[in-house]
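Take this structure first; my questions come after.
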Amino acid sequence: MKVLPAFLLEDAAGEASSFPSERPSLICFVKEDCPTCNEIVPLLEAFHRAFGDRLAVLVPGQTADGNALLIERHELTVPVLDDSRLKVSFAYDIDTVPTIFMAAADGREEQMLVGFVRSEWQALAEALAARFGVPAPAIDWSALPEWRPGCGSKSVDPLIADRLRAESENSPLRARRIEIASQDDPFEFMFDQGFSDGLPLVPPTPERVLRMLAGTRRDPQEVIAMMPPNMGEATVEKVAINAVMAGCRPEYLPVVLTAVEAICTDAYNINGVMAPTMGASPVIVVNGPIRHRLGMNMKLGALGQGNRANATIGRAVRLAVRNIGGAVPGGTERSTLGNPMKFTMCFAEWEERNPWQPLHVERGFAPEDSVVSVFTMTSGPVLMVDQDSRTAAQLGGSLGLCLESAFHPKAHYATDVLMVVCPEHVDTLMRDNYSKADLRARIQEVTARPIRELVADGRSAVGFKEAVAAQMSAEELDRRLPKFRQDSDIHIVVAGSEAGKFSGAFHGWATGEIGSQPVSRKIEEAD
Amino acid sequence: MTIIMDPTNERVPVTRQITPRPASITGTVAFLDIAKPRGNVLLDRLETLLKDRAPGIVVRRYSKPTFTKPAPESLRQQIRAEADFVIEGLAD
């Protein structure tokens, strides 16, 4: 038989009772507002009087006020112990009061009874009398009901159970606990500690963090990434704490975890993304069925405010970078201007409105996979306004001309771009059955400039250095360079409302191995 | 008391921020007597010394109702509203 958890509890007078003691023990958990408990406490009193010198009868009660009422109402002398913090009830894992445990002197469980079944209690009384060689207590069993169900133990009350789980010895939480004095305002305290991006945070109490962790099956202590610049250990728990602060619901956590894994890859290079004076930041795009399950916005105003999942997933990732990675403006984060996308930037692709392959399928995943893609932006969404073009070639040309401004019109081969094509523009492109490849080719075609136009000059010193150009032949100077080094530097997604001929573009940062490459990862726990 | 979980990598101890210390004392200085016997003697002496060294300052005296309990919220707010500095004689 298993050994029951040891405990030390006091009664209202401060008299302590401990378990196990040198005697066998009878422990019965009760709650004052439970009718069955009120039915059986006189029996416990009778057991205490009959067997008290050989048997420790211990009655942990679940509320301090209720204990006082029980004692007064039933004139009890049996020790009614204060378990109002419910630690012992929780340790005994009871669902119901009354639950009675009969234990040997060494603490081993001999018997457990739940609720009240008259025959069981009567048998117990007789067995104890026989065991101790004393008369059974005088109880009129026939006056008692045959059985009564118990009531729910307070320790399984949903409002309390999370706290108990968080406080228990086998709590899955390992992060440092910070006590905020009662005279401190938790919201102000978190600002003072530097946890915030400048907006208020939800206090990550142990209860909230536990509820957040319910959103994943992963071990809270699993290290999902070492996060630059300080190489902080991003455990599932630490990410969950930041997700609580950001305002996430638990079901968003798998997306946040996957995005954190994605930005911490060598290819994505969050270290480089956070640091530069240029002011880069991740854009997070979500594809697949999870978009619908989380209620993400992919339509009207998808890149803006107003949707909890979009707003808080992006914010949680940024807070994790700040708090776990240690990237703080003025510290290693040294953006000249900064940009509001550093608060949050996450949206979903409207795949159903996309006539082409959605982003994740194009990047090698199955349509039914849920996928997070991260892209590094330095500006945007820059609006590309064309309400006039009626052919795909015209509109593709317009989008190309707008994209030429990325970094600087004379800076070719310098960066990549994430285009967000709006539904009305999609319709114009599809009027001529444009594929994504056609669109990319058209953008490259209209942006191609002879190198001689891209040389530093009196207008602007950006572009090819004059000394380099001086070494080129006339033929080389006539060679036309498109805006992007390769067509695949143009990433295309569909989002936005049905009305309006306004697409958007996030201009990238340094591309390739020296900079940041877009990374897509499947959300393993999407279903 | 609220307990929160540390969101950081825990390399830095949790610290309470204190108000930045000014370089000189000007304006109004609150003298808070915690209501322990002879606390007023200490504060009287301090007031003399302080007025010698920082002429022009105003000293206002306050007392806690009892030294056994924290200062009431209203007293703390009053001091905050009326004074720039606080000197409190703690314990004995």
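Lettering of chains follows the sequences in order, A, B, ..., and the numbering in each one begins at 1. It should be emphasised that the depicted structure is a prediction, and the values quoted were computed from it without experimental measurement.
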Q. Please, which pairs that meet salt bridge (charged side-chain N to carboxylate O under 4.0 Å, His left out) have at least one residue in residues 239-253 of chain A, sequence neighbours excluded?
A. Arg249(A)-Glu251(A)
Q) Can any side-chain N or O of Asn9(B) pair as donor or acceptor with the backbone N or O of Ile324(A) at less than 3.5 Å? A) yes
Q: For residues Arg177(A) and Ile3(B), report the shortest heavy-atom separation together with the two atoms involved.
A: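 Distance-wise, the nearest heavy atoms are CB-CG2, 3.9 Å.
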Q | Close approach to chain B in residues 230-240 of chain A, criterion heavy atom under 4.5 Å | A |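 Counting heavy atoms that sit under 4.5 Å from chain B, the residues of residues 230-240 of chain A involved are Asn230(A), Met231(A), Gly232(A), Glu237(A), Lys238(A).
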Q) Within a strict 4.5 Å, meaning less than it, do heavy atoms of the Ile4(B) and Phe195(A) side chains meet? A)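 Yes, side chains in contact.
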Output a table of donor-acceptor pairs, distance under 3.5 Å, between side-chain atoms of residues 25-33 of chain B and any protein atom two or more places apart or on a different chain; print 'none' if there are none.
from     : atom 1 : to       : atom 2 : distance (Å)
Asp33(B) : OD1    : Ala35(B) : N      : 2.8

Q) Okay, side chain of Asn242(A), backbone of Pro7(B): is any donor-acceptor separation there less than 3.5 Å? A) yes
Q: Could you check which of Glu73(B), Met5(B), Met1(B) has the highest count of heavy-atom pairs closer than 4.5 Å to chain A?
A: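 Highest number of heavy-atom pairs under 4.5 Å: Met5(B).
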Q.
Around atom CZ of Arg80(B), are there more than 12 heavy atoms from other residues, nucleotides or ligands closer than 6.0 Å?
A.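 Counting neighbours around CZ of Arg80(B), 12 or fewer heavy atoms of other residues, nucleotides or ligands fall under 6.0 Å, so no.
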(Q) Can you tell me if Asp185(A) has over 12 outside heavy atoms packed within less than 6.0 Å of its CG? (A)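 Yes, enclosed.
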Q: Identify which part of Met190(A) has an atom lying under 4.5 Å from any heavy atom of chain B, answering side chain, backbone, both or neither.
A: side chain
Q. Quick one: what part of Pro206(A) sits under 4.5 Å from any heavy atom of chain B, side chain, backbone, both or neither?
A.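 For Pro206(A), heavy atoms of backbone and side chain both lie under 4.5 Å from chain B.
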Q. What's the verdict on side-chain contact (heavy atoms from CB on, under 4.5 Å) for Ile241(A) and Asp6(B), showing C-alpha distance, side-chain angles and the deciding distance?
A. CA-CA 8 Å; Ile241(A) 294 170; Asp6(B) 190 334; 5.9 Å; no
Q.
Does anything in residues 48-57 of chain B form a side-chain hydrogen bond (donor to acceptor under 3.5 Å, both in side chains)? List the pairs, not counting sequence neighbours.
A.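 Non-adjacent pairs meeting side-chain hydrogen bond (donor to acceptor under 3.5 Å, both in side chains): Glu47(B)-Lys51(B).
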